[in-house]
Amino acid sequence: MAVHFINPNKTSSFINVLNSDPEFKIAARYMTKDVCIEVGKTKCIVKFRDGVITQMKSENAFADPWDFAIRGSVDAWEKFLQPIPPRFYDGIFGGMIRGNFVLEGDTVSAFSHFWAVTRMLDIFRELQNK
Amino acid sequence: MAVIEPVVGKYVYLTIQGVEYRVFYEECGTGIPIICQHAGGGDGLEWRTLLNDADITSKYRVIVPNLPYHGKSLPPESLEWWKLEYRLTKSFFMDFQLELSKALELDRPVYMGCYVGGFLALDLALEYPDKFRAVIGVGTAQRGGPATLDTFYHPSVSNNYRRVNAMYFCAPMTPEVYRREVTWCAMQCAAPTTKGDLYYYFKEHDLTGKTHLFDTSRCAVHLLTGDYDPTSSVEDTMELAKAIKGSKFTEMKGLSHAGMHENPPVFKSYLTPILDEIANQSKLR
């Protein structure tokens with residue numbers, strides 16, 4: 001299974017869907033951060049500027065800076081993106097408790113904006129299965 | 001004609017460890033009393049559907065307290081609580097249940113709790129087996145795990161963080177209307193309570209070396225855990241159930257951290273046989 005949100009050809013449509021999602025628009029208010037979502041060895045840097053996603057970069061992103069990162073193996077993300085994920089892969093926080101995902105960097109910022117981040121990941125799942 | 005629920009809310013004054021608290025509780029039904037304790041950083045809203053379930057309340061007196069500092073149970077008037085860091089201790093938590101039971105003149109009630117409240121089920125059964133006819137622990141394990149509590153009460157982290165945690169502590173098959181209600185309720189409690197309540201769970205609840213001391217002939221021990229619960233897994237609770245002779249474990253399929261709130265009909269299907277068993281055992285005594 002290919003993980004769609006790291007596919008550069010899909011980036012534009014992902015950004016459009018995210019920025020027009022009613023819940024995401026509320027959840028992401030005031031957020032200005034660079035978030036690294038790492039799928040195995042592939043980094044996807046998501047740039048938030050005042051609540052709007054301005055860029056998703058998964059090509060040549062290895063040296064790009066970020067504020068906090070959520071890391072998981074390809075297998076972990078594939079499980080997470082299933083319509084009904086298996087236990088301990090259904091949420092990032094629960095997945096972190098069970099060691100399937102790792103949060104690094106400015107974790108206080110991550111938790112400050114956790115609603116926006118988790119809504120974004122839910123939309124990733126919705127688009128993955130569309 | 002307007003729909004009016006049969007649930008009644010009252011205040012009872014309890015003196016716990018020398019301090020008087022005005023404690024809010026709701027109740028409904030008649031029969032064997034069941035104290036339903038909310039989880040950490042929550043309040044009695046978690047049990048609202050059970051309070052309104054006529055199948056249950058026709059046989060049991062369901063009592064749902066709010067711990068001091070939670071929901072409508074305000075901090076005490078006699079304490080300068082604003083100079084203290086809120087922290088739930090095991091001794092306070094146990095004394096609260098004993099004083100509540102005494103004040104309401106309950107005859108060996110069933111104690112049922114979820115998560116932090118569920119862990120207390122075990123401590124009560126171990127230390128006060130003659131005060132409760134049975135305990136039901138939802139989402140329990142032998143001990144709490146390591147955790148960083150600071151993010152649960154941090155000036156840069158809003159109650160939205162608790163909303164998110166609650167939302168993803170629901171199984172993916174949870175009806176959306178309940179999932180969103182769980183998240184709303186998770187934001188209701190005062191900011192310090194989650195961190196303070198988890199102190200008991202992470203730092204004080206530890207049954208290591210004590211499981212052989214349980215006497216389930218005096219106080220029955222029932223353990224329920226959802227298969228999606230990432231905090232206390234099914235395996236964690238099974239390990240505990242194996243260690244407590246005579247305890248009974250039920251895996252709840254399709255539920256996670258707070259089954260009674262995230263999917264009440266499914267939770268009820270697992271709870272009802274346990275309550276029936278407790279009722280039958282009570283007749284034999």
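Please read all numbers here as calculations on a predicted model, not as lab measurements. Protein chains get the first letters and strands the later ones, always in sequence-line order, with residue 1 at the start of each.
- Counting heavy atoms from C-beta on, the side chains of A:Ile92 and B:Tyr168 never come closer than 4.5 Å.
- Counting all heavy atoms, side chain and backbone alike, A:Phe88 lies closest to B:Ser233 at CZ-CB, 3.8 Å.
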Inset, instruction - Check step by step if salt bridge (Lys or Arg N to Asp or Glu O under 4.0 Å) holds for B:Glu235 and A:Arg87. - result: CA-CA 13 Å; B:Glu235 291 79 7; A:Arg87 67 179 189 149; 2.7 Å; yes

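- For A:Asp122 against B:Arg179, the heavy-atom pair with the smallest separation is OD2-NH2, 4.2 Å.
- Taken to the nearest 0.5 Å, the CZ atom of A:Phe93 stands 4.5 Å off from the CG atom of B:Asn165.
- In this structure, B:Phe169 CZ and A:Ile97 CD1 are separated by 4.0 Å, a value rounded to the nearest 0.5 Å.
- Closest non-hydrogen pair, B:Pro230 versus A:Arg98, comes out as O-NE, 2.8 Å.
- Residue A:Asp90 holds its CG atom at 6.5 Å from OG of B:Ser256, rounded to the nearest 0.5 Å.
- Listed options A:Gly94, A:Ser109, A:Pro83, A:Gly95 were ranked by heavy-atom pairs under 4.5 angstrom with chain B; first place goes to A:Gly94.
- A salt bridge is absent between A:Glu23 and B:Arg163; no separation between the charged side-chain nitrogens and carboxylate oxygens falls under 4.0 Å.
- Contact of A:Pro86 with chain B is made through the backbone alone, with heavy-atom distances under 4.5 Å.
- Just one residue in the list B:Asp150, B:Thr151, B:Asn160 forms a side chain to side chain contact (heavy atoms under 4.5 Å, CB included) with A:Phe111, and that residue is B:Thr151.
- Remark: B:Arg162 CZ to A:Phe114 CZ distance equals 15.0 Å, nearest 0.5 Å.
- Looking at A:Arg119 and B:Val164, their side chains never come closer than 4.5 Å, going by heavy atoms from C-beta outward.
- In this structure the side chain of A:Trp115 never reaches within 4.5 angstrom of the side chain of B:Thr183, judged on heavy atoms.
- Looking only at distances, a side-chain donor or acceptor of A:Ser112 sits under 3.5 Å from a matching main-chain atom of B:Ser156.
- Open room surrounds CE on B:Met238; 12 or fewer heavy atoms of other groups in view lie less than 6.0 Å from it.
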